[in-house]
Participant: 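First, the structure itself, so that you have it in front of you.
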2 protein chains.
Amino acid sequence: MRTPLTADMFDELCPTPLSPIRVGDKWAGMIIRCLEDGPRRFSELRVPLRDITPKSLTHSLRALEQRGLVSRNEQPRSVEYALTPLGRSLLEPLNAACAWAEEHWDELVDAHEAAYQETRHTA
Amino acid sequence: MRTPLTADMFDELCPTPLSPIRVGDKWAGMIIRCLEDGPRRFSELRVPLRDITPKSLTHSLRALEQRGLVSRNEQPRSVEYALTPLGRSLLEPLNAACAWAEEHWDELVDAHEAAYQETRHTA
DNA sequence: AAGGGAGGTATCCCCTTGGATACCGTGAAC
DNA sequence: GTTCACGGTATCCAAGGGGATACCTCCCTT
């Protein structure tokens, strides 16, 4: 564990974009996933979230802190973010949501494409 | 089943507002719950959602339709909305999310109040 | 003393979300 | 033939989410 976070970990197979279920703001769900294996540093979190601006990351992390899901541990040479026990307990329903999205992936894609076609047809 | 929807069904005990987990937009989760026991009509759905404007309800329902979660059945004298099988399958992770929120209700409230106090103190 | 990395802030700006209010079209029902 | 409920639209508006860019402070290294 504590393997480096990769830049492509949310690229292809992650069901997040098509799933109707969301945790907090745009980034919160992914951040929680990133912290699953242990504490991470600010700059470390920016890697898998690609082009996230520091402002957005700060904002999301503060919101997660306020909800008691993430802790901020400031040390001499770095800042480490980690899941609180409450945040870790959230992994269970979050995983259930992701599993649902993966399980119904085809239907979600079909519905999305059908809606898109209809839009084009109407226009 | 098919008992009338009450105006207060989302008032007190519903964990939605404090839960970090959301389904679609502001109303989607509650709409899905409302359809759990069978099809409902537009005006019927407005009751439990209190002050929802027709515009907002229309918008949310259209979005749920596009995602394939809700079906719209137009009949001579009424329009009925119902869960699709896909929509119904979403109840499982949705219930998991609600159960989580209820289970950690106290912690959620504590975190929320602590954040509020801190805001007041800072200001 | 200067450079550099970590962890942010400060501004600006656009787009979306969602509420308020008002209006509309259709088909019973009176 | 007008009124009424149903199922919406149309328009306007305020607040918030989120990206782009630039800047800053602290501390360590060289």
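Reckoned from all heavy atoms, side chains included, excluding hydrogens, waters and symmetry mates. Within every chain, numbering begins at 1; the chains are lettered A, B, ... in the order of the sequence lines, protein sequences first and strands thereafter.
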Participant: Would you kindly give the CD1-to-C1' distance between Ile52(A) and dG18(D), to the nearest whole Å?
Facilitator: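 So the two atoms are 10 Å apart, to the nearest Å.
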Participant: Taking atom types as modelled, is there a side-chain donor on Tyr81(B) or Arg72(B) under 3.5 Å from an acceptor on the other?
Facilitator: yes
Participant: Please tell me which of the listed nucleotides, dG7(D), dG7(C), dA20(D), lies nearest to the side chain of Thr53(A)?
Facilitator: dA20(D)
Participant: Is any side-chain N of the basic residue among Arg67(B) and Glu65(B) closer than 4.0 Å to the acidic one's carboxylate O?
Facilitator: no
Participant: Could you check whether Arg62(A) gets within reach of a base, just the sugar-phosphate, or nothing at all, counting any heavy atom under 4.0 Å?
Facilitator: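 Sugar-phosphate contact only.
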Participant: For the side chain of Arg22(B), counting heavy atoms from C-beta on, which of dG18(C), dG7(D), dT9(C) is nearest?
Facilitator: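 The listed nucleotide nearest to Arg22(B)'s side chain is dG18(C).
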Participant: In whole angstrom, what separates Glu44(A)'s CD from dA6(C)'s C1'?
Facilitator: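 These atoms are roughly 12 Å apart.
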Participant: Using atom CD of Glu74(A) as one end and atom P of dG8(C) as the other, report the distance to the nearest whole Å.
Facilitator: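 The answer, rounded to whole Å, is 7 Å.
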Participant: If you go through the side-chain atoms of Lys55(A), does one of them form a donor-acceptor pair with the base of dG8(C) closer than 3.5 Å?
Facilitator: no
Participant: Would you say dG8(C) has OP1 or OP2 under 4.0 Å from some side-chain N or O of Arg72(A)?
Facilitator: yes
Participant: Could you please name the option among dG19(D), dT9(C), dG7(C) that lies closest to any side-chain atom of Arg41(A)?
Facilitator: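 Comparing dG19(D), dT9(C), dG7(C) against the side chain of Arg41(A), the answer is dG7(C).
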Participant: Do the side-chain N or O atoms of Ser56(A) get closer than 4.0 angstrom to the phosphate oxygens (OP1, OP2) of dG19(D)?
Facilitator: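 For dG19(D), OP1/OP2 do have a side-chain N/O of Ser56(A) under 4.0 Å.
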Participant: Nearest-nucleotide wise, let me know which of Ser43(B) and Pro54(A) is further upstream toward the 5' end of DNA chain D.
Facilitator: Ser43(B)
Participant: How about CD on Glu36(A), more than 12 heavy atoms from neighbouring residues, nucleotides or ligands closer than 6.0 Å, or not?
Facilitator: yes
Participant: Among dG17(D), dG19(D), dG7(C), which nucleotide has an atom closest to any side-chain atom of His59(A)?
Facilitator: dG17(D)
Participant: Between Ala28(B) and Val23(B), what is the shortest heavy-atom contact and its length?
Facilitator: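 Where Ala28(B) meets Val23(B) most closely, the heavy atoms are CB-O, 3.1 Å.
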Participant: Give the nucleotide from the list dG19(C), dG7(D), dG8(D) with an atom nearest to the side chain of Lys26(B).
Facilitator: dG19(C)
Participant: So, OP1 or OP2 of dG8(C): does either fall under 4.0 Å of a side-chain N or O from Tyr81(A)?
Facilitator: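 Yes.
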Participant: For residues Leu94(B) and Gly29(B), report the shortest heavy-atom separation together with the two atoms involved.
Facilitator: CD2-O, 4.1 Å
Participant: Between dG7(C) atom P and Leu57(A) atom CG, what is the distance in whole Å?
Facilitator: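 Between P of dG7(C) and CG of Leu57(A): 10 Å.
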Participant: Whole-Å distance between dG18(C) C1' and Arg50(B) CZ?
Facilitator: 19 Å
